[in-house]
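Everything on this sheet refers to the single structure shown next.
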Amino acid sequence: MTDFSRRDFLKLSAAAVGALTLSGAGEFGETKAGAAPNYWWQRETATKSSYCDMCYWHCGIKVEVADGRVAKIYGDEEDPLSQGNLCPRGQAGVRQLYNPDRLKQPLINVGERGEGDYRKATWSEALDYAAEELSKVSEEWNGPESIAWLNHCTSGSWFSHIAAAWGSPNNGGPAHSLCLGSREIASQLTFGLPVGEHMPVDWENTKFITLIGNHIGENTHNTLMKDFMGAVDGGAGLAVVDPRYSTPASKSDYWLPIKPGTDTALLLSWINLLIRENRYDRNYVEKYSTGFEELKNRVQDYTPEWAAEVTDLEQRKIKEVGREMARYRPHAVVPPNRKASWYGNDTQRLRALFILNALLGNYGREGGFYFNSEPWVEDYSFPSMKLENTGGGCGGGGGALGEDTLPEDVRERADNKGEKFLYGSLSEPELIEAMASEDPYPIKGLVVSGNNIFHSAPKKERTKEALKNLEFYMAMDILPQEHVMWADVVLPESTYLERYNDLFIGHHKSTPFISFREPAVDPLYNTKPGWWIAKELGERLGLGEYFPFDDFEEYLNERLGPLGLSVEEMKEKGIVKQPQLSQPYLEDFESQNQDPPFGTPSGKIELYSERLEENGLDPVPTYDDPEEPPDGFFRLLYGRSPVHSFSRTQNNSWLSEVDPENEVWINSKATEKMGLEEGEYVVLENQDGKKSRPIKVKKTERIRDDCVYMVHGFGHDTPEMERQDGKGASDIEMQSDYELDPISGSVGMNVNYVRVAEKGGSS
Ligand SMILES: Nc1nc2c(c(=O)[nH]1)N[C@H]1C(S)=C(S)[C@@H](COP(=O)(O)OP(=O)(O)OC[C@H]3O[C@@H](n4cnc5c(=O)[nH]c(N)nc54)[C@H](O)[C@@H]3O)O[C@H]1N2
Ligand SMILES: Nc1nc2c(c(=O)[nH]1)N[C@H]1C(S)=C(S)[C@@H](COP(=O)(O)OP(=O)(O)OC[C@H]3O[C@@H](n4cnc5c(=O)[nH]c(N)nc54)[C@H](O)[C@@H]3O)O[C@H]1N2
Ligand code: SF4
Ligand SMILES: [Mo]
């Protein structure tokens, strides 16, 4: 019997807001109803230590609490990442906590999947039911590999932990295949080292920067923006390669409005120019790299003259920028972008970018890339698990280049049937395809935590088919996002201001540090922290030995003990920097008679990759033209709003006020041809006839006329979250196609095209 439907859910939310306001915890209610005005000096105040979770940069924060309510969040001055400052999203964390639309209690689906008929449940009811259903799937199908785990939040690693302990290889998240996987694999292939979460660019010493895509300033990772602007303010030259006049392009000395998808040609032509004009760092290349002669032979034809034709850029500008790089080397750097998955040839594009950096002699040199110093923290000593914990968490998924060694009774991952790609962690869209097609084997259970599978993975319709094909689907989230309201069991997590999480282990140049999160306030509603939810579920699945701690302080104390630290001390400090012998540059290794730290088989920078050659792939990047948009269509490009994180903050009252909906950037010449006005609404249609929600036109000369652009994360279909429901359009709705990278398994979504199908509509 249906206890309550979507409509009731809305009513319930409204009632809950009312109740909350009365209890002083309403979204805007700062005082307790009925109480005398409560001035701040009369309040009981406390300062709590944590790190921000509004994005994965994880700036260290201090949280001011007054009478049990969070009053303000600010940057921890001791923290190398925030350095005392937060971006708008970081400050708006308080509105995530007091968002009236939050999930408030566990829910069990009582209708058809996707229709949103739920009944309220207690935690033990929901967890008993979930464990029973997951065990049934495992028994009736093919063991734990019949259940997939998709995680992308700070607590998600506990679900990956269950997957690893139980034995499901189908465990991962979006961070590899939809974000930085190809960049990480390319860096591993070339240098034998990852780029990692916090890109090790030596901004403070650089003299010339070339950004390819990489829209720093719209992509607002706190320290990255500061370091970048510090370099530009300090006089570093800047070239920006982007089909769009992006925020960094507006600060640049050279804007190269490249034809989308042709970047590898440009990079190869710079490699060609450095070699032909003998401007590369010969000593560095001889000393630290292998394969230079092969590289030289293979890039002979990729001249700037040729590239000018292919990329639609001025030959003069290509040459000038190439020569500027050479002039400033090794203090010239071409940082890789983070969202590296664009066109399906991404590992090779990033290989070209890293080879260019190597010719500039900048890797491990001042003003180029430094070597990271990770802090030393011991892992918790869990009993040995069936599989390695490969997935989830944040920013993860670099993907080792080693062989998979699965126990004999565990099947291969379902996402890489027939070894479609060579290396890399789980490819989320390929896993979803496997779930929908039951090929190579049926996956009948799915657990999603902190991953908006309807907004981050292309082919949304296919994702829906995959969900319909499941026997059991559970989601843990903080908001009733559309994909959450398809789940059979919905588990409401406490927000980051209400829970413990694991230590955050980071670095900023030569400063390795750990930061600590404690709950700033008690959880609101009937929500629970992710570690608790995973532990309770794990115990019910017979995996209790993998959660051998009673509470999270006990877990943290075991990790902190060897460092001479404790939870009590960390509550005070928040951040602990480790005095570690730091070797940011190659010369530091040389002065200590140590080999350079390149982790490739040759111990050198591999300009020519024998590993790729052995696998029938190009050992040196080559260039292929991208497919052209069909007649009358534009290529759809997408990026970030500076005040939103992906699709997760559109419902935040402060952030939605600043940026309530997205726009589609269309070149003014094209708008004139189509008779479109600035600010009018249009419906877009893609190459497969998929239509968007109405979106406002931004008429601009800041974009080429063969592509259009929109910010990702809008266009939600979520009646449960009124503030974001139907605002703007979703790029994912238009991304019904993708190209798979044969090296990393990442998926390029810049291969979708749109046209203006209709005028009118509204948001
Ligand atoms: N405010 C905010 N900041 C964020 C995030 C967020 O959600 N909000 N997300 C974070 C995450 S996880 C990521 S991965 C990063 C992503 O941020 P970046 O790594 O900077 O993303 P890119 O894909 O490089 O940037 C998109 C830019 O590439 C351009 N572009 C598109 N196609 C091409 C092309 O063919 N060639 C070239 N040269 N340029 C092209 C677009 O016009 C746009 O300016 O942002 C991070 N920072
Ligand atoms: N079309 C398109 N797709 C993309 C991208 C793009 O630019 N365009 N970008 C790609 C990139 S670079 C990335 S990194 C991925 C990001 O992929 P996702 O991580 O899936 O991105 P979000 O849209 O932020 O979804 C996060 C989900 O976690 C929930 N959530 C937020 N905080 C918490 C929490 O504390 N606990 C729990 N349990 N849940 C929480 C949110 O409500 C939301 O449902 O998307 C990728 N996919
Ligand atoms: S960059 Fe902004 S949202 Fe991200 S962790 Fe820092 S303050 Fe939070
Ligand atoms: Mo990302």
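Not measured: the values here are computed from a predicted model. Counting convention: from 1, in listed order, for ligands and their atoms alike.
For Asp488, the salt bridge (charged side-chain N to carboxylate O under 4.0 Å, His left out) criterion is met by Arg113, not counting sequence neighbours. Evaluation of the side-chain contact (heavy atoms from CB on, under 4.5 Å) rule for Glu536 yields Leu127, Trp532, Glu539, Arg540 as partners, not counting sequence neighbours.
Ion pairing of Glu482 with Lys464 is present here, as a side-chain N (NZ or NE/NH1/NH2) and a carboxylate O approach within less than 4.0 Å. Between Arg517 and Asp53 there is a salt bridge, since at least one side-chain N of the basic residue sits less than 4.0 Å from a carboxylate O of the acidic one. Between Lys690 and Glu733, no side-chain nitrogen of the basic residue sits less than 4.0 Å from a carboxylate oxygen of the acidic one, so the salt-bridge criterion is not met.
For ligand 2, the protein residues within 4.0 angstrom (heavy atoms only) are His152, Cys153, Pro174, Leu178, Cys179, Lys339, Gly450, Asn451, Asn452, His455, Ser456, Met476, Asp477, Ile478, Gln481, His483, Glu493, Arg499, Tyr638, Arg640, Phe646, Ser647, Arg648, His712, Asp731, Ile732, Gln735, Met749.
A side-chain N or O of Thr154 and one of Arg499 form a donor-acceptor pair less than 3.5 Å apart.
For atom 6 (Fe) of ligand 3, the nearby protein N/O/S atoms, meaning those under 2.8 Å, are Cys59 SG.
In this structure, the side chain of Ser182 does not engage the main chain of Ser746 through any donor-acceptor pair within 3.5 Å.
In this structure, His221 has its ring center at least 6.0 angstrom away from the ring center of Tyr56.
Nearest approach of Ala457 to Leu178, heavy atoms of both residues: CA-CD1, 4.3 Å.
Residue-ligand proximity, Thr220 to ligand 3, at heavy-atom distances under 4.0 Å covers atoms 1 (S).
Heavy atoms of Asp53 found under 4.0 angstrom from ligand 3: none, in either backbone or side chain.
Checked against Thr220 for a side-chain hydrogen bond (donor to acceptor under 3.5 Å, both in side chains), the options Arg640, His644, Arg89 give a single hit: Arg89.
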